[in-house]
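Some notes on the structure that comes next.
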Amino acid sequence: NQAGGVGKSSLTRDLGYELTQHNLKVLLVDADPQASLTEFLGLNTDQLEHSLFEAIIHRESLPIHSIHGMDLVPATIDLATADFLLNAEIGRELRLRETLRAVKDNYDFIIIDAPPSLGNISINVLVAADEILIPVQCEIKALRGTKHLFDTIEKVRLLNPNLKIAGIVPTLLDIRTRLNTETYEVIQTRFGSRLTVFPPVRRGVAFAEAAARAMPVQLHAPKFEGNSDIKKLVEGLLNG
């Protein structure tokens, strides 16, 4: 989603971990220069010699780290320069797809955490993907960011005609806040007739705590009520 702060990285981390609980092999790919997913899983980006940047720009092998039963391709701030560097490259939109091809058959799911801005890296993510899961924070400002995303998806289908939208995930819902609940209703009304709108992922301090402790929220707070939201999302994806 073009709006930042919608819970993408936390959702990627916890969705990946929940899938491993179904005995599925999962690879997480941090494609966001902010490297939140990488840090949320305990890697120090300042100490990483190899990241997604080297794989995309220099065509090196993917650096894969095993953490909490998942595999992770980390990001660093270097990825911020990839948008510029790719401008002069022929076939720049295909770099990530080509890079992932070498490992694709090793996994049941590859989940890519995309940057919030719609540049070359985001286009690479959409070209590489089979399906898109769109997190939308239950606030109006995040809802506004979806229009540009849908326009971009239509353009990307020229390069990836089989690209599908898996659905919308309302995130950071606080049922105590009237504006949040009203926005959730708007999300259901606006998208529900043409797309799958998954049950919302509720707001909770446990997500931030899990990020600080560099572990999935399910491990940090096993009794956290938001864990059931992640379970419902995974069940919906597996049964959809």
Side-chain angles (χ1 to χ4, degrees), residues 1 3-21 24-86 95-96 98-100 102-104 106-107 109-117 119-122 124-125 128-129 133 135 137 171-172 201 203-222 224 226-227 230:
N1 193 325
V6 299
K8 292 186 300 84
S9 299
S10 293
L11 186 65
T12 302
R13 175 198 63 202
D14 301 333
L15 176 59
Y17 180 78
E18 189 62 35
L19 285 167
T20 67
Q21 303 309 293
L24 296 169
K25 183 73 171 172
V26 176
L27 174 67
L28 305 182
V29 178
D30 193 348
D32 189 342
Q34 297 178 77
S36 296
L37 178 62
T38 300
E39 294 178 350
F40 288 179
L41 286 169
L43 295 185
N44 186 334
T45 57
D46 292 332
Q47 297 178 355
L48 290 173
E49 296 182 2
H50 301 280
S51 68
L52 183 63
F53 173 84
E54 284 77 20
I56 290 179
I57 299 301
H58 301 307
R59 300 182 185 274
E60 296 182 6
S61 298
L62 283 169
I64 296 177
H65 301 253
S66 294
I67 306 170
H68 298 303
M70 302 173 284
D71 285 350
L72 168 70
V73 175
T76 64
I77 190 62
D78 291 342
L79 200 58
T81 66
D83 268 339
F84 171 75
L85 294 172
L86 286 171
R95 284 293 184 90
L96 181 57
E98 293 171 354
T99 300
L100 291 174
V103 301
K104 188 174 182 179
N106 298 335
Y107 297 96
F109 279 86
I110 297 177
I111 309 176
I112 309 169
D113 187 18
S117 59
N120 280 324
I121 296 300
S122 290
N124 265 264
V125 171
L133 193 62
Q137 184 179 353
T171 61
L172 303 176
V201 177
R203 182 186 298 272
V205 68
F207 287 116
E209 292 173 346
R213 294 190 62 185
M215 62 175 60
V217 70
Q218 298 96 321
L219 292 177
H220 164 66
F224 172 49
N227 292 340
I230 304 296

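The chain is numbered in sequence order, starting from 1. Quantities reported herein were computed from a predicted structural model and do not represent experimental measurements.
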- Task: Rounded to the nearest 0.5 Å, what's the gap from CD1 on Ile112 to OG1 on Thr12? Could you check?
- Result: 10.0 Å
- Note on the structure: What one should report as the nearest heavy-atom pair of Gly204 and Phe224 is CA-CZ, 3.9 Å
- Answer whether the closest heavy-atom distance between the side chains of Ile57 and Asp78 falls below 4.5 Å. no
- Item | Pairing residues for Glu98 by the salt bridge (charged side-chain N to carboxylate O under 4.0 Å, His left out) criterion, not counting sequence neighbours | Arg59
- Task: Quick one: pull up CD1 in Ile121 and CG in Leu96 and give me the separation to the nearest 0.5 Å.
- Result: 7.5 Å
- Task: Calculate, to the nearest 0.5 Å, the distance between atoms CD and CD1 belonging to Glu54 and Ile56 respectively.
- Result: 10.0 Å
- Item | Ala114 backbone acceptor or donor facing Lys8 side chain under 3.5 Å | yes
- With a 4.5 Å limit on heavy-atom distance, are the side chains of Asp113 and Leu11 in contact? no
- Query: Nearest 0.5 Å, what's the OH-CG distance between Tyr107 and Leu100?
  - Reply: 10.0 Å
- Message: Has Asn120 got a side-chain atom pairing as donor or acceptor with Ala82's backbone, closer than 3.5 angstrom?
- Response: no
- Item | Validation row: Pro74, His65 side chains within 4.5 angstrom (heavy atoms) | yes
- Spacing of Leu48 atom CG and Ile77 atom CD1 [to the nearest 0.5 Å]: 13.0 Å
- Query: Gln218 side chain to Asp14 main-chain N or O, any donor-acceptor pair under 3.5 Å?
  - Reply: yes
- Task: Only one of Leu72, Val73, Ile111 passes side chain to side chain contact (heavy atoms under 4.5 Å, CB included) with Leu27; say which it is.
- Result: Val73
- Query: Side chains of Arg13 and Phe207: closer than 4.5 Å at any heavy-atom pair?
  - Reply: yes
- Nearest heavy atoms of Asn227 and Ala221, plus distance in Å: ND2-O, 2.9 Å
- Pairwise distance CZ(Arg203) to OG1(Thr171) - rounded to 0.5 angstrom: 8.5 Å
- Task: Measure from the side-chain N and O atoms of Asn124 to the backbone N and O of Arg95, and report whether any donor-acceptor pair falls under 3.5 Å.
- Result: yes
- Task: Indicate the atoms forming the closest heavy-atom contact of Pro216 with Met70, along with that distance.
- Result: CG-CE, 4.2 Å
Acceptor/donor pairs from residues 32-41 side chains to any protein atom, 3.5 angstrom cut, sequence neighbours excluded:
from: Asp32; atom 1: OD1; to: Gln34; atom 2: N; distance (Å): 3.0
from: Thr38; atom 1: OG1; to: Asp30; atom 2: OD2; distance (Å): 2.7
from: Thr38; atom 1: OG1; to: Ala75; atom 2: N; distance (Å): 2.9

- Query: Just by distance, do the side chain of His68 and the backbone of Ala214 share a donor-acceptor pair under 3.5 Å?
  - Reply: yes
- Message: For a side-chain contact (heavy atoms from CB on, under 4.5 Å) check, start with the C-alpha distance between Leu15 and Leu133, then their side-chain angles and the critical distance, and finish with the verdict.
- Response: CA-CA 11 Å; Leu15 176 59; Leu133 193 62; 3.8 Å; yes
